[in-house]
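A quick write-up on the structure given underneath.
Residue numbers begin at 1 in each chain, while the letters A, B, ... track the order of the sequences. Below, all heavy atoms of this structure are taken into account, side chains as well, without hydrogens, waters or symmetry copies.
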Amino acid sequence: MGRQFNGSEILLESLRRENVEVFFGLPGGVVLPLYDALYSSGIRHLLVRHEQAAAFAADGYARVTGRVGVCLGTSGPGATNLTTGLTSAMMDSIPVVALTGQVALPLIGKDAFQECDTIGISMPSTKRSFLVRSAADLPSVIHQAFKTAISGRPGPVLVDLPKSVLMESAEPTYPTTPGIAQLERIREWKDEDIERAAEMILESRRAVLYAGGGVIAANAWQELRELAELTHIPVTTTLMGLGAFPSAHPLSLGMLGMHGSYATNQSICNCDLLIGVGVRFDDRVTGRLKDFASLAKKIHIDVDPAELNKNVRVDIGLIGDARETLRALLEVLKRRLPEGKDLTPPARRQWLQRIESWRSEYPLTYDKYGHAVKPQYVIQTLSHYAAEDAIASVDVGQHQMWAAQYWEFRKPRTWLSSSGLGSMGYGFPAAMGAQLAFPNRQVIAIVGDGGFQMTLNDLATVAQYRVPVKIAIINNRSLGMVRQWQEIFFEKRYCDIDLTFSPDFAKLAESYGIRGVRVDHRTDVPDAVRDFLSDREPRLIDFWLDPAENVYPIVPPGGSLAEMVVEPPRVLVEEEEALDDLWAV
Amino acid sequence: MQWLLALETNGDPITSCRLMNIFRRKGVSIVTLAMAARTEGFSVVALVETPEHEVDHIFNFLRRVEGVENVTYYRHEPEGDASFVFIDADADSSSLARFLQTFPESKLIFGSHGKYLLEIPGDRKPSSASLDFGKQEILPFARVKSSIPQPELVAAQT
Ligand SMILES: Cc1ncc(C[n+]2csc(CCOP(=O)(O)OP(=O)(O)O)c2C)c(N)n1
Ligand SMILES: [Mg+2]
């Protein structure tokens with residue numbers, strides 16, 4: 001008989017074989033055997049202060065590395081606390097494996113202490129969930145869990161671990177782990193579909209590439225860029241796709257949709273061909289569906305067959321991995337073109353000029369001259385002084401949209417945002433996860449004063465492990481995005497958006513042993529940012545800014561992209577004073 | 001519009017729970033449903049009501065759900081020729097018996113709780129008239145799409 005190990009040891013060895021270097025969690029009764037095995041194992045574990053942070057950290061780790069992030073919670077409340085993070089990962093197709101403790105097998109279904117139906121609860125929030133029934137099954141279950149999380153359309157997977165399984169002895173047999181590169185890439189299209197798509201591209205005069213998170217998930221950004229440059233087709237990205245195409249590229253249109261720029265949304269309204277790659281035609285992107293790119297033929301590339309024709313009917317649907325599909329398309333396009341032939345027919349050149357004129361008509365802009373600290377200016381300054389490969393992790397709200405508009409995206413996998421679920425509390429712990437993956441890169445959490453208060457308890461974690469995350473609070477003393485909607489769509493009936501009763505974040509940081517400062521003058525911003533980014537320590541800046549600032553442009557909910565409000569209406573003086581009273585600036 | 005969904009899942013009951021949850025979430029209304037345990041998993045046949053423009057999405061959604069091994073969907077063909085019939089006979093199996101008398105070479109694809117899905121060999125496609133046994137419970141269907149590779153399927157009209 002071979003050597004016996006207990007379930008906890010087998011689990012940790014299985015994780016090691018999946019190349020897990022670090023995971024995030026918080027112990028409790030049923031996972032004590034696992035923490036006992038962890039005590040002498042080589043795998044790093046970060047003790048978070050709330051399991052939601054563990055799930056977000058695992059998500060952040062996964063987004064920046066392209067590998068599976070791992071989090072852990074004990075049974076019952078530990079598991080339920082993970083679910084928001086898993087749901088966010090599900091919405092954004094992020095590969096995460098969540099390990100949850102469960103009561104011993106004989107107690108399941110008996111309402112034991114800290115028992116909950118974790119599998120049932122996680123069902124809609126995961127790609128798949130496993131209840132492990134024997135320690136001997138652990139190697140294959142863990143392997144399947146990792147494979148499921150990363151393959152096809154990635155997503156979270158949960159493995160529920162009864163205490164008895166963690167304690168029982170077994171002789172493990174480990175499956176051989178194929179590297180990610182060996183994973184089968186989905187490809188359902190036929191060559192003639194690619195030929196047809198190429199034909200459509202060559203015939204188009206006003207095409208737009210619309211790129212989403214699928215481009216990043218499939219590591220297809222080089223192919224995207226090659227296609228754009230070969231065909232001179234401009235590229236807009238979704239919130240999830242930011243980073244897939246460099247913002248400074250002349251063909252970059254930035255983000256589209258509800259807070260997309262005028263030129264970008266106009267180009268969608270006027271294009272004759274829309275090529276969606278790894279996108280899901282989300283309602284925040286499309287606005288009123290029937291008017292979305294209504295003049296355009298549509299090609300949709302996606303790894304998930306269920307995305308095709310889900311919201312918008314397309315002319316050609318190509319089910320396949322974004323990289324493989326773009327490569328095939330590039331090959332056909334190159335073959336169709338005699339060497340050196342310019343693919344920019346005059347019509348396409350005119351199209352780019354037209355976009356340029358929209359851009360100069362209504363550029364993304366803000367008031368740069370007052371004394372108040374403008375959030376857009378803070379984002380631009382952070383982006384300006386940040387390293388080339390710095391990672392920006394945002395929370396949810398106005399600051400997220402300003403970051404999407406004003407951060408300069410240079411590389412993929414440098415942008416973390418809970419985009420589909422839009423979960424406040426994400427930005428800071430996700431930054432922590434990213435920092436664990438890349439200890440030597442700058443990771444900047446750009447958070448709102450509201451969202452930060454949902455997970456700031458993990459300041460203790462970054463302090464304890466000296467995780468050098470930089471926390472920039474875009475502090476408008478309100479639930480800003482909600483305030484903006486109440487202002488614009490609910491006749492300024494401001495209800496429960498006031499966050500004036502918040503801690504002094506700088507002092508709070510100091511109480512955790514983290515340097516914190518408040519910046520409330522525009523002219524202090526550059527120095528403060530330079531200093532903030534200058535060391536390898538966790539730091540916090542509380543940017544105390546103009547509370548009345550709103551995100552523009554905005555497409556009213558239910559409206560079409562053509563109905564966007566480009567600039568703020570002029571505010572009457574009395575109303576400005578009323579706002580001043582409200583926030584007592 | 002009525003469709004017949006036939007699914008095979010792995011043996012994990014959570015997959016069946018996911019299926020029911022998907023039907024609920026996607027607004028697929030179930031007219032009748034039967035489930036049977038196989039050696040290695042479960043088979044589900046559901047007669048559902050869902051608009052034509054939704055059914056392809058539902059098929060695609062189901063076929064990529066972890067734990068779902070096969071999905072096939074069939075279009076109700078009240079008038080046209082059909083190669084499949086769905087018999088919903090509850091406890092009374094006489095309609096199945098009568099049908100098998102007329103089409104003895106039919107192949108049983110699924111049978112549980114008085115619900116039967118049968119394939120009629122190609123050369124003996126029943127016309128709607130030949131299916132008129134005086135009961136509403138024998139419904140003709142044409143196979144539209146399947147995740148199992150098939151030689152010839154009727155064109156999807158979605
Ligand atoms: C967990 C959660 N609860 C509620 C919301 C709804 N919501 C969206 S944005 C927002 C305001 C966020 O305020 P803050 O973090 O201060 O960011 P700001 O908009 O002010 O930049 C709220 C409440 C949400 N997205 N997530
Ligand atoms: Mg705020």
Are A:Phe281 and A:His300 near enough that their ring centres are under 6.0 Å apart? yes
Residue among A:Asn309, A:Leu308, A:Asp304 with most heavy-atom pairs under 4.5 Å to chain B: A:Asp304
Part of A:Thr126 within contact of chain B (heavy atom distance under 4.5 Å): both
Atom group of B:Arg64 that falls short of 4.5 Å from chain A, counting heavy atoms: side chain
Interface moiety of B:Arg63 toward chain A, non-hydrogen atoms closer than 4.5 Å: side chain
Could you look at A:Gln144 and say if it's the side chain, the backbone, both or neither that has a heavy atom under 4.5 Å from chain B? neither
Classify the side-chain pair B:Asp88/B:Tyr116 by whether it contains a donor and acceptor separated by less than 3.5 Å. no
Counting only heavy atoms closer than 4.5 Å, note whether A:Ile319 contacts chain B via side chain, backbone, both or neither. side chain
B:Lys26 atom NZ, neighbour heavy-atom count above 12 within 6.0 Å: yes
Rounded to the nearest 0.5 Å, what separation is found between the CG atom of A:Asp193 and the CD1 atom of A:Ile316? 7.0 Å
More than 12 heavy atoms of other residues, nucleotides or ligands under 6.0 Å from CZ of B:Arg25: is that the case? no
